[in-house]
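Structure record follows, encoded as structure tokens.
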Amino acid sequence: MSERIKTPRGTFDVLGEAALARAELERTAKGIFERAGYSRIETPTFEATELFARGVGESTDVVQKEMYTFDDGGGGSLTLRPEGTAPVCRAYLEHGMHKLAQPVKLWYLGPYFRAERPQHGRYRQFGQVGVEAIGSDDPAVDAETIVLLAEILEAIKARDLRLRLSSLGTPDTRAGYKAELQGYLREHEGELSQEVRDRIDLNPLRAFDADHPGTRQVMAGAPLLLDRLNDEDREHFETVKALLDAAGLAYEVDPGLVRGLDYYTRTVFEFSSDALGAQSGVGGGGRYDGLIEQLGGPHTPGMGWAAGVERMLLASDPPPTAPPPLDLYVAYAKPEYREQAFRLAADARRAGHAAQLELGGRSVKGLFKQADRAKARYVAILGDEGTALKDMESGEQRTVEIDTVMHHIRR
Ligand code: HAM
């Protein structure tokens, strides 16, 4: 026998209860987005590599080592999308969405791809649900999007949640701060981990993320970007916080909050769950006021977030899900009744009933067992004496004309 082929590392099949739980999560999120006036957007699963190189940032782990990049066959380079913000901004520009009422409020759900080392809660193909609100720098946009994610997490009963919040200011503030932080890190180079030392030039902010004890000690005394914000950015951040307070949403200001993508300006935030272990980030995002410009468009502010579908489900106790109830289970006693039975099941479905045909060649005993398992309300068996129709709830059985089955089950 030849060897069986399995799912690639870091991927998984979704079936049975897991499929129902995912569908339920999607339904919950969709309802919350629609009530807030967000419309759905779907973008391709692959894009020009350049989009992520420019959008997400050359210095990020995502672009440096986690992208599935391949040749388009004509000299161009394509990449399986590692995230959704750059693609949505590309679409905003491509479809001239600046002509619509601003901000344009969009939501999405779909598969994303990162060549990471797989572990619990970390996959190479994972689901993200997210929103992007593009075209307004009103701090109420920041607060509203954060509250939407909180609402979804509450609806799915996610456990042990923490919301951390910070502001990164403008690129200018950040550049000045980056130089200051680099100076500070160089002063303490001997106490830092090798990894952090190697990144002083490229991405010194990542030092806040380190687990290395020496590095952590150095970072405890490091200058903070939050203390360097200009007046406008500070006021923006204060308003975001005041609005979250008004919404009754608890958060911690975490000046060391690091996001793995380069496009953020001003507000950044992350929900994590202590129920998840090492990969505790459930969802996060922030403002990206410079991204559209970086993609060749006019200056356009934007704000959004994405949450991992698998991590949301891992962090919640999904309600027991069951397949929808079945109105009618149709079987036949002899092969010559197959066509009629087939038609009855199809007609019943067309009339809006949940109906299934016996497809397994089961005995009478076997098919009743199967109908029971499927929680069928009625079983109809076509035979020489007419159609035996059994009400599975009352146990009552009678013989009826096939044309009247629908009439009976409707009652
Ligand atoms: P991100 O933090 O890179 O942000 O990803 C968002 C969420 O996706 C994470 O919190 C996590 O739950 C999930 N996730 C990321 N990588 C994996 C993985 N390998 N396996 C399982 N889940 C994963 C973004 O992607 C930004 N585009 C969010 C955003 C939208 N910012 C502004 N707008």
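The residues of the chain are indexed from 1 along the displayed sequence. Given the structure is predicted, the values throughout are model-derived calculations rather than measurements. Atoms within each ligand, like the ligands themselves, are counted from 1 in listed order.
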Side-chain donor-acceptor contacts of residues 299-308 below 3.5 Å, not counting sequence neighbours, with atom names and distances?
from	atom 1	to	atom 2	distance (Å)
His299	ND1	Glu293	OE1	3.1
Thr300	OG1	Pro298	O	2.8
Trp305	NE1	Thr145	O	2.7

One thing to verify: whether Glu310 and Arg22 come together as a salt bridge, which I'm taking to mean a side-chain N less than 4.0 angstrom from a carboxylate O. yes
Hey, are Glu270 and Arg164 close enough for a salt bridge, meaning a charged N less than 4.0 Å from a carboxylate O?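 Looking at Glu270 and Arg164, the cut-off is met.
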Check side chain to side chain contact (heavy atoms under 4.5 Å, CB included) between Lys365 and all other residues, then give those that pass, not counting sequence neighbours.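 Partners of Lys365 by the side chain to side chain contact (heavy atoms under 4.5 Å, CB included) criterion, ordered by chain and then number, come out as Ser363.
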Mind jotting down which protein residues get a heavy-atom contact under 4.0 Å with ligand 1? Chain and number order, please.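 For ligand 1, the contacting residues are Glu83, Thr85, Tyr108, Arg114, Glu116, Gly121, Arg122, Tyr123, Phe126, Gln128, Glu132, Arg259, Leu261, Tyr263, Tyr264, Gly281, Val282, Gly283, Gly284, Gly285, Gly286, Tyr288, Gly304, Trp305, Ala306, Gly308, Arg311.
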Residues Tyr68 and Gln125: side-chain donor-acceptor under 3.5 angstrom: no
Could you pull out every donor-acceptor pair under 3.5 Å between side chains of residues 106-118 and any protein atom, sequence neighbours left out?
from	atom 1	to	atom 2	distance (Å)
Tyr108	OH	Glu132	OE2	2.6
Arg114	NE	Pro82	O	2.8
Arg114	NH2	Pro82	O	3.0

